[in-house]
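Just below is one structure, and these are the notes that go with it.
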Amino acid sequence: MSRLQVVSGKGGTGKTTVAAALALALATAGKRTLLVEVEGRQGIAQLFETEALPYEERKIAVASGGGEVYALAIDPELALLDYLQMFYKLGGAGRALKKLGAIDFATTIAPGLRDVLLTGKACEAVRRKDRDGRFVYDYVVMDAPPTGRVTRFLNVNDEVAGLARIGPIHNQAQAVMRVLKSPETAVHLVTLLEEMPVQETADGIAELRAAKLPVGRVIVNMVRPEVLDEDRLELVRTVTRSSVARSLSTAGLGGARRGGRAERLVDPLLKQAEEYAERYALEQEQRAVLGELGLPSHELPLLAEGMDLAGLYQLATELRKQGIA
């Protein structure tokens, strides 16, 4: 299992929820996981029903078996201060630059620098060891930018390494890419069983592969429960109105006579069944498209009561059952 798990997906597919559930799943049985947020939306804090995350690693949950989930919302400005201290020992001078607005100016005019800092901080957490030489975190899960931007986001250090041929910037960029392009990393894509998210997933996988970034799994989120199987769907296509009315009458839902309660229920029921059959066919088409991508695929259920902390633990349990963690 890769130690850096990157989660991306089209907006609206629930990638942050999946990243949080994955972090919980990986923390099972005494493991320690760091869940990293890079977009500044505080989505992790909302999911775990806690206050806004500062720029520090904070324990936010305990998984089954005593494992721990820590979270970090990476701030590009503060990450740059860390970088300046780590490589140039600026200390107070770096803080003075922040007061003068130089840090904010640098990360604004050079968006690529922002991504270098974000990925660099995550990879530093992957490599970090304690005094006994053991990794501080067993896994790091990154809630990454959406599919359309994730390849450039992850690959930015390659570009920086090419521009800065020597020195600490070059060395840092190369160190980050050694993590991101190694078996230590897996990039998972979250999708829905809908045409646009599936197509964006396919495009994203192609881009990741072209950039030689390690693609992990496809996670289909918010899957509706199966109401009718294939046999019953075939019956929907062939059943007559009169037989449906008789069945309703037999079930005690009014007489089957013309204009009776049972007959009035027939058209709404058949319409609902037809709509379900149409949606089912479209979902099966998208499953077939995903199957052609040649990646392991997992499905997470749509939670009827909405997403809360209990639902997050439920999704984590489902991921463990499916062997993703």
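Note that the numbering runs from 1 along the sequence shown for the chain.
The CD atom of Gln314 lies 9.0 Å from the CD atom of Glu305; values are rounded to the nearest 0.5 Å. Interatomic distance, Glu318 CD to Leu300 CG, rounded to the nearest 0.5 Å: 6.5 Å. To the nearest 0.5 Å, atom CG of residue Leu35 and atom OH of residue Tyr137 are 11.0 Å apart. Summarising the geometry, atom OG1 belonging to Thr13 is positioned 12.0 Å from atom CE belonging to Met196; distances are rounded to the nearest 0.5 Å. Taking CE of Met142 as the reference point, atom CG of Leu4 lies at 5.5 Å (rounded to 0.5 Å). To the nearest 0.5 Å, atom CD of residue Glu57 and atom CD1 of residue Ile74 are 9.0 Å apart.
Residue Glu49 qualifies as enclosed at atom CD: its count of foreign heavy atoms under 6.0 Å is above 12. In the displayed structure, Lys31 atom NZ is contacted under 6.0 Å by at most 12 heavy atoms of other residues, nucleotides or ligands.
Side-chain atoms of Gln322 come within 3.5 Å of backbone atoms of Glu299 as a donor-acceptor pair (strictly under, hydrogens ignored).
A 4.5 Å side-chain heavy-atom check between Leu24 and Phe48 finds at least one atom pair inside the cut-off. Using a 4.5 Å cut-off on side-chain heavy atoms (C-beta onward), Lys10 and Thr201 make no contact. Side-chain contact between Leu189 and Lys15 is absent, with no heavy atoms from C-beta onward closer than 4.5 Å. Under the 4.5 Å side-chain criterion, counting only non-hydrogen atoms from C-beta, Leu295 is not in contact with Arg217. Two residues are said to be in side-chain contact when any heavy atoms from C-beta on lie closer than 4.5 Å; Glu226 and Tyr276 meet this criterion. In this structure the side chain of Arg178 never reaches within 4.5 angstrom of the side chain of Arg127, judged on heavy atoms. Looking only at side-chain heavy atoms (C-beta outward), Met307 and Leu315 come within less than 4.5 Å of each other. At a threshold of 4.5 Å between non-hydrogen side-chain atoms, the residues Glu275 and Arg279 do not count as touching.
Residue Thr151 forms a side-chain contact (heavy atoms from CB on, under 4.5 Å) with just one option from Val187, Leu213, Ile205, Asp203, and that option is Leu213.
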Check the pair Asn155, Lys181 against side-chain contact (heavy atoms from CB on, under 4.5 Å), reporting the backbone distance first and the verdict last. CA-CA 9 Å; Asn155 213 37; Lys181 290 192 172 182; 3.4 Å; yes
Using side-chain contact (heavy atoms from CB on, under 4.5 Å), reason through Glu39 and Leu118 one step at a time and then give a plain yes or no. CA-CA 9 Å; Glu39 294 186 281; Leu118 295 172; over 6 Å; no
Verify side chain to side chain donor-acceptor pair (under 3.5 Å) between Arg58 and Thr50, making sure each step is shown before the conclusion. CA-CA 11 Å; Arg58 173 180 292 180; Thr50 185; 5.3 Å; no
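Looking at Glu124 and Arg128, a side-chain N of the basic residue comes within less than 4.0 Å of a carboxylate O on the acidic one, giving a salt bridge.
Under a hydrophobic-cluster definition in which Ile, Leu, Val, Met, Phe, Trp and Tyr are linked whenever side-chain heavy atoms come within less than 4.5 Å, directly or via other members, Leu309 and Leu53 are assigned to the same cluster.
Judged as a salt bridge (charged side-chain N to carboxylate O under 4.0 Å, His left out), and not counting sequence neighbours, Lys129 has no contacts.
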